[in-house]
K.L.:
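One structure is given below, represented as structure tokens, and several questions about it will come after.
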Amino acid sequence: MTARAIIIGAPRSGSGKTSVTIGILRALTRRGLKVRGAKSGPDYIDPGFHTAATGLSGVNLDSWAMPPSLLNALAAQQADDTDFVILESAMGLFDGIPAAPGRTGSAADLARLYGLPVLLVLDVSGQSTTAAAVAKGFATYDPDVRMAGVVLNRLGSERHRKLSGDAIEAIGLPVVGAILRDPTLNLPERHLGLVQAGEYDDLMAHLDRLADMAEKSLDLDAVMRLATPLAPAAGGFADALQPPGQRIALAEDGAFTFLYPHVAAYWRKAGAEIVPFSPLADEAPDDSCDVCWLPGGYPELHAGKLAAAETFKAGMARFAATKPIHGECGGFMVLGEALEDASGETHRMLGLLGHATSFAKRKMNLGYREARLRADCPLGTQGALIRGHEFHYAQMTGTGNDEPLADLADGQGNPIGASGYRRGHVSGTFFHAIARASA
């Protein structure tokens with residue numbers, strides 16, 4: 001049997017979706033159920049918490065960046081041999097970009113496509129019966145997106161719960177959870193979102209606190225009854241990013257963390273071997289690998305240590321002489337000549353590309369991107385169209401003289417200009433690749 005699934009949605013970011021999602025995932029796992037998480041949109045961080053809470057891999061399901069066949073294949077893979085899939089919305093439930101129907105990138109797309117019910121998390125701090133008006137708006141906004149129940153979050157008292165809950169149930173929506181305000185349940189954040197799961201010293205203790213909250217404050221049996229079967233149409237992996245080599249040297253540590261789970265999983269599925277190494281531990285890529293990949297992450301927090309990693313730097317230069325290297329976002333920054341950290345100190349980077357970046361001069365760059373490659377590189381062949389996402393605060397302070405890697409457009413197809421650089425076997429860009437655009 002396929003898994004049953006439910007979407008955790010909210011009016012906006014910061015409503016408590018992630019804490020509720022993790023709490024449910026962990027609580028159901030502790031009951032002995034096989035549960036998997038999924039995240040709508042291009043979030044790098046939450047799938048790591050989903051994986052930690054359940055012991056089973058999380059995934060991104062992105063209706064804009066992933067062609068329908070790939071989206072279906074990944075959803076089916078997540079539902080296979082699983083009891084429940086808890087799908088967490090990014091931002092607000094209906095938030096996406098203007099695009100073709102079903103391709104906006106919103107979690108509402110997934111609700112319509114798979115007929116999944118939504119559990120609406122409402123932060124009711126600063127309101128009471130007005131929460132019913134918000135809930136009614138969600139219930140009536142789109143008849144193809146069904147609100148199945150409500151969780152009240154950040155309640156101040158039992159009276160607050162009764163005022164809010166009674167008003168919502170009077171419009172016909174069941175309230176299946178009521179969570180009192182508790183700052184200890186909050187997950188710490190930094191400039192790109194939550195602090196990552198792997199950075200907690202007491203991660204499992206915190207996940208269990210969230211599970212305890214879910215057991216105490218939610219009717220988990222009711223939540224499970226609200227879930228419906230996740231049964232995607234047939235799909236395939238033709239539009240997945242293909243492995244860039246048979247043996248892939250992958251930078252993996254506190255500075256290099258942002259590789260989408262579905263990308264690495266497909267590389268392995270296609271027969272590639274991933275060989276991790278840690279630049280922060282002054283390790284070099286294995287010379288027996290065919291290609292080296294530097295994913296995004298937080299190099300700006302570790303710039304001094306990376307600058308002093310002589311074995312890493314020498315090994316990368318040696319690798320680049322004969323084999324492809326690609327860097328995304330943080331990895332792209334490290335491939336350049338220099339990186340200025342938040343304090344204004346400039347650190348020498350690999351110098352395999354000629355650009356320089358600064359985290360001291362911050363400006364947020366955020367949005368979907370479509371890239372047409374100008375040359376062959378680990379992302380694909382010349383002319384290939386790749387969809388993905390850009391999210392960074394660093395700015396370019398020097399461009400160097402390297403050739404551009406791709407021509408970039410935003411999510412609505414508006415040209416942005418040349419993006420990234422390439423020199424010899426080395427390429428990089430701020431753009432994170434998610435999937436190939438379907439022909």
Side-chain angles (χ1 to χ4, degrees), residues 44-45 188-193 195-196 198-199 249-259 276-286 291-321 323-366 378 390-405 419-432:
Y44 326 101
I45 296 174
E189 299 186 24
R190 64 159 67 100
H191 54 277
L192 295 183
V195 171
Q196 298 168 99
E199 297 180 71
L250 177 68
E252 192 175 85
D253 57 25
F256 301 95
T257 56
F258 294 159
L259 183 66
F277 71 101
S278 170
L280 288 180
D282 199 15
E283 295 173 356
D286 191 318
V291 62
C292 178
W293 192 281
L294 301 183
Y298 294 101
E300 64 273 12
L301 303 181
H302 307 278
K305 196 167 185 179
L306 291 170
E310 296 300 334
T311 301
F312 164 61
K313 292 162 72 175
M316 291 293 289
R318 185 172 62 249
F319 201 99
K323 299 174 184 178
I325 294 174
H326 183 73
E328 287 190 330
C329 202
F332 173 58
M333 293 160 65
V334 174
L335 288 173
E337 290 284 347
L339 168 58
E340 183 183 17
D341 65 21
S343 68
E345 185 177 353
T346 298
H347 304 270
R348 174 79 178 168
M349 292 289 105
L350 293 172
L352 298 177
L353 294 172
H355 62 283
T357 51
S358 172
F359 191 71
K361 304 175 179 66
R362 290 203 234 178
K363 180 182 179 182
M364 186 172 74
N365 293 270
L366 171 67
E390 194 170 338
F391 184 16
H392 60 92
Y393 286 86
Q395 290 198 76
M396 201 95 70
T397 53
T399 58
N401 298 304
D402 299 317
E403 292 293 319
L405 177 64
S419 173
Y421 296 109
R422 55 190 170 90
R423 180 200 301 172
H425 298 287
V426 180
S427 60
T429 174
F430 274 123
F431 161 84
H432 292 266

K.L.:
How about Tyr298 and Phe258: are their ring centres within less than 6.0 Å of each other?
P.N.:
yes
K.L.:
What heavy-atom pair brings Leu335 and Gly327 nearest, and what distance separates the two atoms?
P.N.:
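Taking every non-hydrogen atom into account, CD1-N, 3.6 Å.
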K.L.:
Of the non-hydrogen atoms in Pro279 and Phe256, which two are nearest, and what is the gap between them?
P.N.:
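So the two residues come closest at CG-CE1, 3.5 Å.
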K.L.:
Do side-chain atoms of Asp341 reach the backbone of Glu300 as a donor and acceptor pair under 3.5 angstrom?
P.N.:
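No, the answer is negative, given that no donor and acceptor are paired below the 3.5 Å cut-off.
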K.L.:
State the CZ-SG distance between Phe431 and Cys329, to the nearest 0.5 angstrom.
P.N.:
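Going from the CZ atom of Phe431 to the SG atom of Cys329 covers 11.5 Å.
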K.L.:
Looking at every non-hydrogen atom in both residues, tell me the closest pair between Pro404 and Arg422 and how far apart they are.
P.N.:
O-NE, 2.9 Å
K.L.:
CZ of Phe430 to CD of Glu390: how many Å apart, nearest 0.5 Å?
P.N.:
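Going from the CZ atom of Phe430 to the CD atom of Glu390 covers 7.5 Å.
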K.L.:
Less than 4.5 Å apart, any side-chain heavy atom of Tyr421 and any of Leu353?
P.N.:
yes
K.L.:
Can you label the angle between the Phe277 ring and the Phe312 ring as parallel, tilted or perpendicular, going by 30° and 60°?
P.N.:
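Rings of Phe277 and Phe312: tilted, as their planes differ by 30° to 60°.
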K.L.:
Ignoring hydrogens, what is the shortest heavy-atom contact between Pro276 and Glu252? Give both atom names and the distance.
P.N.:
CB-OE1, 3.7 Å
K.L.:
Taking all non-hydrogen atoms of both residues into account, name the closest pair between His432 and Gly296 and its distance.
P.N.:
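Taking His432 first and Gly296 second, the nearest heavy atoms are CE1-CA, 4.0 Å.
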K.L.:
Roughly how far, to the nearest 0.5 Å, is the CG atom of Leu294 from the CG atom of Leu259?
P.N.:
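So the gap between those two atoms works out to 11.5 Å.
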K.L.:
Got Cys292 and Lys323 here, is their nearest side-chain heavy-atom distance under 4.5 Å?
P.N.:
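No, too far: nothing below the 4.5 Å cut-off.
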K.L.:
State whether a side-chain donor-acceptor pair under 3.5 Å links Thr429 with Ser419.
P.N.:
yes
K.L.:
Tell me if a side-chain donor or acceptor on Glu283 pairs with a main-chain N or O of Ser278 at a distance below 3.5 Å.
P.N.:
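Pair found, side chain donor or acceptor close to backbone of Ser278.
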K.L.:
If we only count heavy atoms from C-beta on, is the Met316 to Leu352 side-chain gap below 4.5 Å?
P.N.:
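Yes - at least one pair of side-chain heavy atoms lies under 4.5 Å apart.
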K.L.:
So which heavy atom on Pro324 is nearest to which on Pro378, and how close?
P.N.:
CB-CG, 3.9 Å
K.L.:
Going by the side chain to side chain contact (heavy atoms under 4.5 Å, CB included) test, name the single residue among Val334, Leu306, Leu339, Ile325 that passes it with Leu350.
P.N.:
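Testing Leu350 for a side chain to side chain contact (heavy atoms under 4.5 Å, CB included) against Val334, Leu306, Leu339, Ile325 leaves exactly one candidate, Val334.
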K.L.:
Using 0.5 Å steps for rounding, measure from the NE2 atom of His347 to the NE2 atom of His302.
P.N.:
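The distance works out to 12.0 Å.
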K.L.:
Can any side-chain N or O of Lys313 pair as donor or acceptor with the backbone N or O of Met349 at less than 3.5 Å?
P.N.:
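No, because the side chain of Lys313 does not come within donor-acceptor range (under 3.5 Å) of the backbone of Met349.
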K.L.:
Using side chain to side chain contact (heavy atoms under 4.5 Å, CB included), reason through Glu328 and Trp293 one step at a time and then give a plain yes or no.
P.N.:
CA-CA 8 Å; Glu328 287 190 330; Trp293 192 281; 3.7 Å; yes
K.L.:
Do Asp253 side-chain atoms and Leu280 backbone N/O form a donor-acceptor pair below 3.5 Å?
P.N.:
yes
K.L.:
I'd like to know if Glu403 pairs up with Arg423 as an ion pair, taking the criterion as any Lys NZ or Arg NE/NH1/NH2 lying under 4.0 Å from an Asp or Glu carboxylate oxygen.
P.N.:
no
K.L.:
Please check if the distance between the ring centroids of Phe332 and His355 is under 6.0 Å.
P.N.:
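For Phe332 and His355, the ring centres are under 6.0 Å apart.
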K.L.:
Under a 3.5 Å cutoff, is there a donor and acceptor pairing between the side chains of His326 and Ser427?
P.N.:
yes
